[in-house]
Structures are given as structure tokens and as C-alpha cells.
Number of protein chains: 2
Amino acid sequence: MAVPIDTAERRLGQAIAALGTNGFAACFYAWLRHGLDCDNATMLAYFQDRRPEILYVCAAATEVHENLENAYLPGAYLLDPFHDLHVRKVPPGLYRLREIAPDAFTRNEYYAAYYRATTLIDEIAYVSYPAPGVSVHVCLGRDAGSGRPFSAGNIGLARKLEPIARELCIRQWSALTSSGDYADATIAGRVIAAMRARHAISLSPRQAEVALLILRGHSSVSIGLRLGISPQTVKVFRRQLYRKCNISSTAELFALVMPLLSEPPPKTGPAPTPDAA
Amino acid sequence: MAVPIDTAERRLGQAIAALGTNGFAACFYAWLRHGLDCDNATMLAYFQDRRPEILYVCAAATEVHENLENAYLPGAYLLDPFHDLHVRKVPPGLYRLREIAPDAFTRNEYYAAYYRATTLIDEIAYVSYPAPGVSVHVCLGRDAGSGRPFSAGNIGLARKLEPIARELCIRQWSALTSSGDYADATIAGRVIAAMRARHAISLSPRQAEVALLILRGHSSVSIGLRLGISPQTVKVFRRQLYRKCNISSTAELFALVMPLLSEPPPKTGPAPTPDAA
DNA sequence: GGGTATATACCCCCAAGGGGGTATGATGGC
DNA sequence: GCCATCATACCCCCTTGGGGGTATATACCC
């Protein structure tokens, strides 16, 4: 038999042929993996109004998958730098974790409690928007098995493939729908509501916003840059926050707020009254 | 009917009568609670060679109990300041958490991940040794519901009752047995073995010892005092430890080592050879 | 015997968190 | 109109962690 002269094209063809079927993601990944030297893939859809959905997971260690189900999807995703891209509605394209991660990322609690268990040492993601309010992330990772991060060549190639990958994602997942609209303020609102309900602590919007950024692994300086305020002011919010919560460290903040993130978001509409029909 | 003139004595009598039966712990607690203003009780037995056993738990929130089963008993207990009393074989008596807790206790990971969920704000424990190698701790707590720690009067009374409490514990639980003998070095050895097996990282005894103390919430200064070495030296061990583990923060150390503590201890005997009969 | 690992101790530096103040507008409720 | 709250910003301080060195004595293994 003749050796296929261009496997990449053949695989791309297969992926295109599989568009609209359940087999697409696997073919898609087969194509990507052929060109890019990665160990695993996770495809996720983020929405405005509900938790993310797994579109595809390349069979990895079961414990990683468990973590995904038990920690990430219920709430930890809200601290994920990639999810932050969705919130910020960044342009579609290729993003690399180490470039978008907060400055103190590897020493924050999200990283220690969740991300580290994935053993991923490098991760890139194609971000696309197949429908209004819906982000699809195709995450390709290199784990401890490989030992080394993506090479510059790999990154370059991944960037070249991006338009095709984006187009495929948009076609495949255009049927996904979301409603509502949220920015970080929405998540902060959720934290405020949960803190009031569960701990009888009333946070100001700004305090909640700062709390989230702290939990994501931003330093005070980084938070200041993000919010356009002085780091000194961030420190004040932090102090007020700690005082209200009766805590004195980031670790405690994490233990206090993390469980709240897993709670279902309140019904649409701010401050619903109990007697609403 | 005549009102019992001395309820405390009557309850003590009931507890004594219940010695040797399953109902003892409840009667014992009823007596203690009558005099001491506490919200809950947990009675635990610590051994040399296996995980602790629950002797009695005053029905608290289910989530606290879950935490006990899912986190504390499998391994988190190894980071508990109370368990440390068992390891150090302190004299029997009454101990208060806030007095024995490491300096950085409330900002360490054990506290954030486990202890804080108990909502306990003050905790005292009667420590007794009913059998060789067996410690029984009768822990009385005040939780967020009470809002305030134990009063000085309560502590004083608790101290007065200690000889009786100790005697009762010794009589009730003298049948518990343990074997082997361990100090902190044993736990460190377990960490070393697990680190080698699971992560192919070989730690020196001292490095493992420092790791454990860090995880328990000791600062470098506190560790230095405990080990009788300079804080500077502690920092060196810390650096070596982090370098070997390829991490750069306490949070990561916790995420790395915590799961290992839940693993069963290696078979008795130091460094068993595979070909030993 | 010589190299390696370990334990010990000191030096330096910097970043960051945490806690204490004070001050000034804006906003909104009573 | 006044007071409380919030957001903003600056000042001060100290502790801690984390990382970079260097040095010495011991101990163990090849």
C-alpha cells in the first residue's frame, strides 16, 4: 500500500468530515496532535449563565478527571486564568497559560489545590466564540511525563493552525447557547450574595472583586493594575475584607470563599425578593 | 419527686456506672457538659501503629463529621497540634489548642483546609494514656455558635476535673492496644518513603522533618526552636526541600505532601528488604 | 583516600503580606 | 443637612518567605 503522503491533510479531512457528529472532537484532536507535540487535550465550553461543559477529554489519569468533575466544574473554574479569558471576552486566538497567568499564580491556592494535580507543566488553548456568550477552549497540554514545555516551534505552528482550529470550533459548536451577560462583577455579586447568606458577612462590590483577584493569584500590585487603582488602595480593600471575614491570611480567604463558588448562582435579576411570584 | 440536690454528682455516678459499656462516653460527656460550658465533644484514641479511632462524637453538623472521616482520619490528623501531643508523649492533663498551636497555625493549610470548617473557636482536651502507646483525647469545643472562647472560670473548672476525667478514661479504654513506637521521626520516615515511591524524590530525614513542621504551621523560627537549631539552618533545609520537590511555596508543599499522609504506613520494621522471610 | 551527601550556621537581598494610621471626595439614607 | 459608608490614596512599621551565596565538620560509600 502507498504510505499516505500527507497525513496532516488527511486527518484534517477526517475532522471536517466528522463535523456535526460526536466523533468530531477526537478527529480534531488527532489532527492537532499530529502537528503539535502535546500530551493531552481538554475541550471546554464556557457560558454566561451556568457552569462549563466538557466537550472532550483525552483520556488522562483518572485522578485528573476526577479533579475536573469534583473541583473544577463545580466552582474552581472561576479561579482559572483561562476562564478569565472568557469573562474578559478577549479576541479569539491562541493563548498560553504562562503568559496569561497572574504573577503569583504558582503560589496561590487554586494552583496548589487543583491545578498542580493535573501535573501540567505547559498549556495552550485555542479560544473561539461559536455562539453569543459561549466560549470554546481547546486546551492542549504537556505534562510531567514530557518534562519540558512547548517548544518555540510548536507554539509557532499552533499559531499558524489557529484560524483553521477556530473555524472548526465555530462550525462544530455553534449550536451551544447561553443567556445573560456577565463580567467579573457578576461573579463578585455571586460571592457577595453567598457570603451574606452563608456567613452573614456583607461585602462591598469592590471588596468582593479584590477577593476574587486575590484567590486567582494576583498580587496587590497586579490587582491594582487590573482595576486601575493604586496598590495601596488594594491593600486597604484587602484589610477591610480580612477584617469583615474575621480572617488574617489568604489561605483562610480561600477556605472561606472557595466552597461558596460551588454554590449555584442566584436566579437572574439582582436581589430577588422572596415573595416574587 | 424531690429535685436532685447535686446533679453533677448524680451524672458522675451515672458515668461511673456506665464504665465498661458503650454508653459510657455519652454519660461522661453529660457530666462534663454539666459543669463546662462547651458546644461539642470529640473523643479520639491515637495509636503508634495505625490511624486514630473515634471513640465518641457529639452529634454536630454532618459536614464536620464528614470532614472528620474524609480528611482527618485518613491523614490530616498528622498535622493536628493535638496529635502532636501524642507524638511528644506529653504528661497527661488538660491542654488548650490556642496554647499548644504553632505560631503560624491559623494561617497554615491544615487550618484553612480542615480545621476552619469545624467552626471551632476554642478547644481544650484531656489527654490520658490508658494503655502503652495509646493516647485518649477528650476534646471539648466551643464553636462559632457560642461566639466566645472558654472563660477563665471554665478553664479553671476543667482543670479541677482533670484527675477524675483522666481516671475515667484510663478505666474505660484500658483495653485499647497499640504496638510499635514512634516519634516524629517515624512520620517523617513515612513521608520519605512515600515521596520516593510516588514522586521519585529522595528527602533527607531532616528535610522531611522540616517539611512536616512547616505543614503543621510552624514558622522557621519556631522550627528552629523545636529542633534546637538556628532558624537560618531551617531556611536552608527549606530551600533544599523546595528545590528537590521542584516547588516554591508552602502551598505547593501542602498540595504535594498532604495526599501522601493518607497513604498507609509502611510495614513495621525499618527499611524492610524485599527478600526478608 | 577521596568524593558526595548531610547537617550545621552565617551573610546578603528583595518581595509581599499584614496591620496601624490619616485624609478626601462621593453617595446615599434618615 | 448630617452622618455613615464606600472608594480612593498615601504614610508608617514589622515579619515572613524565598532565593543567592559561603563555610565547616561529619559521615558514608566507592
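Every value quoted in this text rests on a predicted model; they were computed, and no experiment measured them. In what follows, chains carry the letters A, B, and so on, assigned in the order in which the sequence lines appear, proteins first and then strands, with residues in each chain numbered from 1.
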Contact nearer the 5' end of DNA chain D, comparing Val236(B) with Ala251(B):
Ala251(B)
Can you measure from CG (Leu44(B)) to CG (Leu68(B)) and round to the nearest 0.5 angstrom?
6.5 Å
Can you find a side-chain donor-acceptor pair between Glu123(B) and Tyr95(B) that sits under 3.5 Å?
no
Judged by each residue's nearest nucleotide on DNA chain C, which is more toward the 5′ side, Gln232(B) or Leu203(B)?
Leu203(B)
In this structure, which one of Asn67(A), Asp80(A), Thr42(A) forms a side-chain hydrogen bond (donor to acceptor under 3.5 Å, both in side chains) with Tyr72(A)?
Asp80(A)
Span of DNA chain D in contact with chain B (heavy atoms, under 4.0 Å)
dG17(D) to dG21(D)
Measure up the Phe105(A) and Tyr110(A) rings against each other and bin them: parallel (under 30°), tilted (30 to 60°), perpendicular (over 60°).
tilted
Electrostatic pair Arg148(A):Asp37(A) at N-O distance under 4.0 angstrom:
no
Determine the contact category for Thr233(B): base if any of its heavy atoms lies under 4.0 Å from a base atom, sugar-phosphate if only primed atoms, P, OP1 or OP2 are that close, otherwise nothing.
base
In Å and rounded to the nearest 0.5 Å, what is the SG to CG distance from Cys139(B) to Asn40(B)?
9.5 Å
Positions of residues 238-249 of chain B (non-hydrogen atom under 4.0 Å from DNA chain D), listed by number
Arg238(B), Arg239(B), Tyr242(B), Ser248(B), Ser249(B)
Ser220(A) vs dG17(C): side-chain N/O to OP1/OP2 distance below 4.0 Å:
yes
Within this structure, what is the CD-CG distance for the pair Glu209(B) and Leu241(B), rounded to the nearest 0.5 Å?
12.0 Å
From CG (Leu79(B)) to CG (Asn108(B)), nearest 0.5 Å
7.5 Å
